[in-house]
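Only one structure is covered here, and it is reproduced in the block below.
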Amino acid sequence: EDKVVQSPLSLVVHEGDTVTLNCSYEVTNFRSLLWYKQEKKAPTFLFMLTSSGIEKKSGRLSSILDKKELFSILNITATQTGDSAVYLCAVYSGGYQKVTFGTGTKLQVIP
Amino acid sequence: KAGVTQTPRYLIKTRGQQVTLSCSPISGHRSVSWYQQTPGQGLQFLFEYFSETQRNKGNFPGRFSGRQFSNSRSEMNVSTLELGDSALYLCATRTGLTTEAFFGQGTRLTVV
């Protein structure tokens, strides 16, 4: 059975801190890994990663994939209170791109 | 460009009843996936439809079913509701196999 595990489950940091969120996976026929941010209801797309070692960057957020060790990290630098959310990792696998989500990391940024 | 629309936003049902939820995808998106999200279990995949055909299915009982219409709109049905079916039901749509999914705002179902 495909599995996606995120760590830590929750995290509390102060504004300005840098955080690293982890996502490891065990799936059959990996296709891509995606990161989403969920603040209230609808998760919003952050990154899609398909190749190892290529960093994706958007402002203070960046992410990288390691297909050999089967994990990805999401970095957030100079955190702000608006970064408080649940960050979800999802992996597409198989011929029909089945999606498996991790349980998420709840990040709370305090002033 | 309109986003993913889910209706209704909130729903309260009693045990034993059935419910139908709707998801209208972004124009051009042919894939619609459904998820159940609960505090304890996270986001769990229910099923995915592409061009009116179910092509992936999660580990949910047969009480959970779905369908997709020719205009790509999808409905999800839950029969014989149980208290444990109370959850946020999200749908996500994408254009095809290799693209990111966009989520709707969800339907909050409460079973009493």
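Values in this document were obtained by computation on a predicted structure and should not be read as measured data. Throughout, protein chains are lettered first and strands after them, A, B, ... in sequence-line order, and every chain is numbered starting at 1.
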Heavy atoms from other residues, nucleotides or ligands near NZ of A/K57 exceed 12 (cutoff 6.0 Å): yes
Non-hydrogen side-chain atoms of B/L90 and A/Q38 separated by less than 4.5 Å: yes
Toward chain B, the part of A/Y36 with a non-hydrogen atom under 4.5 Å: side chain
In one Ile/Leu/Val/Met/Phe/Trp/Tyr side-chain cluster, 4.5 Å: B/V78, B/L88: no
A/V99 side chain reached by B/R94 side chain, heavy atoms, under 4.5 Å: yes
Between CG on residue B/L43 and SG on residue A/C89, distance to nearest 0.5 Å: 12.0 Å
hydrophobic_cluster_shared for A/Y25 and A/W35, side chain cutoff 4.5 Å: yes
A/K106 atom NZ: more than 12 heavy-atom contacts under 6.0 Å: no
Chain A contact via B/A101 - side chain, backbone, both or neither, heavy atoms under 4.5 Å: both
Same apolar cluster: B/F103 and A/Y87, side chain cutoff 4.5 Å: no
side-chain hydrogen bond (donor to acceptor under 3.5 Å, both in side chains) partners of residues 41-52 of chain A, not counting sequence neighbours, each pair once: A/K41-B/Y10
Heavy-atom closest pair, residues B/G104 and A/A42: O-CB, 3.0 Å
Within one Ile-Leu-Val-Met-Phe-Trp-Tyr cluster: A/L33 and A/L61, side-chain cutoff 4.5 Å: yes
Chain A contact via B/Q6 - side chain, backbone, both or neither, heavy atoms under 4.5 Å: neither
Chain A interface, residue from B/K57, B/Q44, B/Q37 that has the most non-hydrogen pairs under 4.5 Å: B/Q37
Any residue meeting side chain to side chain contact (heavy atoms under 4.5 Å, CB included) with B/E52, in chain and number order, not counting sequence neighbours: B/S70
Contacts of type salt bridge (Lys or Arg N to Asp or Glu O under 4.0 Å), residue B/R108, not counting sequence neighbours: none
ILVMFWY cluster, B/V4 and B/M76 together (side-chain gap under 4.5 Å): no
Any residue of residues 11-25 of chain B which, by heavy atoms, sits under 4.5 Å from chain A: none
Ring centers of B/F45, A/F101 separated by less than 6.0 Å: no
